[in-house]
Amino acid sequence: MSRSVRLLETHAADLDRALDMRFVREVTEGTIGDQAFADYLRIEEAFVVTAARVHGYAVWAAPSWDAVHRNGLAVHALVTEQIDYFRDARARWPVPARPGAGADRLSDFILGAVETGGYPAAMTALFAAETLYLTWCTRAHATGTVPPGPIGDWVALHTAPPFRAGVARLADQVDQIPPTVPDDHLDAWFTGMLDAEITFHDAVFT
């Protein structure tokens with residue numbers, strides 16, 4: 001069994017718990033409030049900047065040219081397609097975001113993991129985050145009543161082939177983490193990121 005598959009199977013309950021968070025339910029059902037989504041746009045954009053930095057570090061620390069290339073593709077998508085989305089969504093959204101914290105918990109977790117765990121931690125934590133988004137957005141797109149406009153555009157972005165390919169690249173990088181990095185380290189990075197995602201998304205309702 002590959003390391004990415006083992007993570008998904010071992011921590012299926014943790015992933016299900018994250019998939020059941022209020023933000024995911026309300027976007028899927030089309031009941032998310034204007035203010036909550038405005039606040040989400042603010043904190044999610046801040047985390048996208050963090051994710052770009054983590055992938056940038058991964059370009060430097062990558063163990064092979066293929067890994068350099070894969071992380072470079074991720075950086076490009078984050079600083080072009082995703083940042084362009086936020087710029088457009090803020091302009092179209094009817095209410096501004098409230099000031100305040102929100103992205104810190106998620107950014108603090110992944111940056112702390114990378115500081116202590118290096119490239120394997122970066123790949124494992126990002127794999128957790130992007131698997132969560134691919135899963136819930138795919139379900140919402142297929143069976144939900146996601147509103148059109150910026151919300152629907154965001155969900156669609158995370159079901160499109162380029163995003164799916166990015167998640168597959170992360171899974172492959174997790175599979176290539178050397179066996180000298182024990183499974184319990186991967187478990188901690190994977191579940192810790194999911195816990196941080198829940199805290200992060202709940203912040204838009206406080």
Side-chain angles (χ1 to χ4, degrees), residues 18 21 23-24 26-27 32-62 67-114 119 121-123 125-138 140-141 146-170 173 193 196-197 199-204:
M21 59 188 169
F23 179 83
V24 169
E26 292 193 3
V27 169
I32 189 79
D34 287 350
Q35 188 62 67
F37 196 74
D39 293 347
Y40 170 75
L41 289 173
R42 176 181 58 77
I43 67 173
E44 179 68 9
E45 184 175 14
F47 181 70
V48 163
V49 172
T50 296
R53 289 172 172 160
V54 171
H55 274 294
Y57 157 79
V59 169
W60 175 262
V68 170
H69 177 66
R70 291 173 181 228
N71 282 286
L73 291 174
V75 172
H76 182 266
L78 289 165
V79 303
T80 56
E81 182 180 31
Q82 292 213 14
I83 291 300
D84 288 346
Y85 163 83
F86 288 110
R87 184 181 300 111
D88 178 68
R90 283 197 312 272
R92 296 165 63 191
W93 202 245
V95 298
R98 296 173 295 179
D104 294 351
R105 174 71 178 89
L106 194 55
S107 293
D108 288 349
F109 176 80
I110 194 168
L111 293 174
V114 170
Y119 187 84
M123 295 299 96
L126 288 168
F127 175 60
E130 302 296 53
T131 297
L132 171 63
Y133 260 70
L134 176 61
T135 305
W136 83 258
C137 288
T138 298
H141 187 71
V146 180
I151 299 177
D153 293 345
W154 187 238
V155 170
L157 183 65
H158 291 86
T159 63
F163 186 78
R164 291 181 179 277
V167 177
R169 288 193 293 268
L170 285 168
Q173 291 303 296
M193 191 66 176
E197 287 277 9
T199 301
F200 170 84
H201 287 84
D202 285 350
V204 306

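Hydrogens, waters and symmetry mates play no part in the numbers below; they use all other heavy atoms, side chains included.
Defined by atom type and a distance below 3.5 Å, a donor-acceptor pair is present between the side-chain atoms of Y119 and Q173.
The two residues A97 and A38 have their closest heavy-atom pair at CB-O, 3.3 Å. For G33 against E26, the heavy-atom pair with the smallest separation is N-OE1, 4.4 Å. A pairwise comparison of heavy atoms in P96 and Q35 identifies O-NE2, 3.1 Å as the closest pair. Across all non-hydrogen atoms, the minimal contact from H201 to F23 is CD2-CD2, 3.5 Å. Of all heavy-atom pairs between V204 and A36, the closest is CB-O, 3.6 Å. The minimum heavy-atom distance linking W93 with D34 is given by the pair NE1-O, 2.8 Å.
Between the side chain of E44 and the backbone N or O of D39, no donor-acceptor pair lies under 3.5 Å. With R42 contributing its side chain and P99 its backbone, the two residues share no donor-acceptor pair below 3.5 Å. The backbone N or O of G72 sits nowhere less than 3.5 Å from a side-chain atom of H76 that would complete a donor-acceptor pair.
Atom OG1 of T131 and atom CG of L126 lie 10.0 Å apart (nearest 0.5 Å). For the atom pair CZ (F47) and CD (E197), the distance works out to 6.0 Å, reported to the nearest 0.5 Å. Here L106 contributes atom CG and I43 contributes atom CD1; the two are 8.5 Å apart, rounded to the nearest 0.5 Å. Of the inter-residue distances, the one linking E45 atom CD with R90 atom CZ reads 4.0 Å to the nearest 0.5 angstrom. Rounded to the nearest 0.5 Å, atoms CG (D108) and CZ (F200) are 12.0 Å apart.
Annotation: salt bridge (charged side-chain N to carboxylate O under 4.0 Å, His left out) contacts of E130 (sequence neighbours excluded): none. For the side-chain contact (heavy atoms from CB on, under 4.5 Å) test, residues two or more places apart in sequence or in another chain that qualify with A52 are L78, V79. R53 meets the salt bridge (charged side-chain N to carboxylate O under 4.0 Å, His left out) test with no other residue; sequence neighbours excluded. Shown here are the salt bridge (charged side-chain N to carboxylate O under 4.0 Å, His left out) partners of D84, two or more places apart in sequence or in another chain: R87.
Within the structure, salt bridge (Lys or Arg N to Asp or Glu O under 4.0 Å) contacts touching residues 69-80 (residues at least two apart or in different chains) are D66-R70, R70-D172.
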M123 and N71: CA distance, side-chain angles, deciding distance, side-chain contact (heavy atoms from CB on, under 4.5 Å) verdict = CA-CA 10 Å; M123 295 299 96; N71 282 286; 3.2 Å; yes
message = Is there a side-chain contact (heavy atoms from CB on, under 4.5 Å) between W136 and V27? Walk through the geometry before answering.
response = CA-CA 10 Å; W136 83 258; V27 169; 3.6 Å; yes
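Among T50, L73, V75, the single residue meeting the side chain to side chain contact (heavy atoms under 4.5 Å, CB included) criterion with H55 is V75.
Looking at H141 and V146, their side chains never come closer than 4.5 Å, going by heavy atoms from C-beta outward.
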Atom pairs and distances, donor-acceptor, side-chain atoms in residues 150-167, under 3.5 Å, two or more places apart:
{"residue": "D153", "atom": "OD2", "partner": "R92", "partner atom": "NH1", "Å": "3.2"}
{"residue": "W154", "atom": "NE1", "partner": "Y40", "partner atom": "OH", "Å": "2.8"}
{"residue": "H158", "atom": "ND1", "partner": "W154", "partner atom": "O", "Å": "2.8"}
{"residue": "T159", "atom": "OG1", "partner": "A156", "partner atom": "O", "Å": "3.0"}
{"residue": "R164", "atom": "NE", "partner": "T159", "partner atom": "O", "Å": "3.0"}
{"residue": "R164", "atom": "NH2", "partner": "T138", "partner atom": "OG1", "Å": "3.1"}

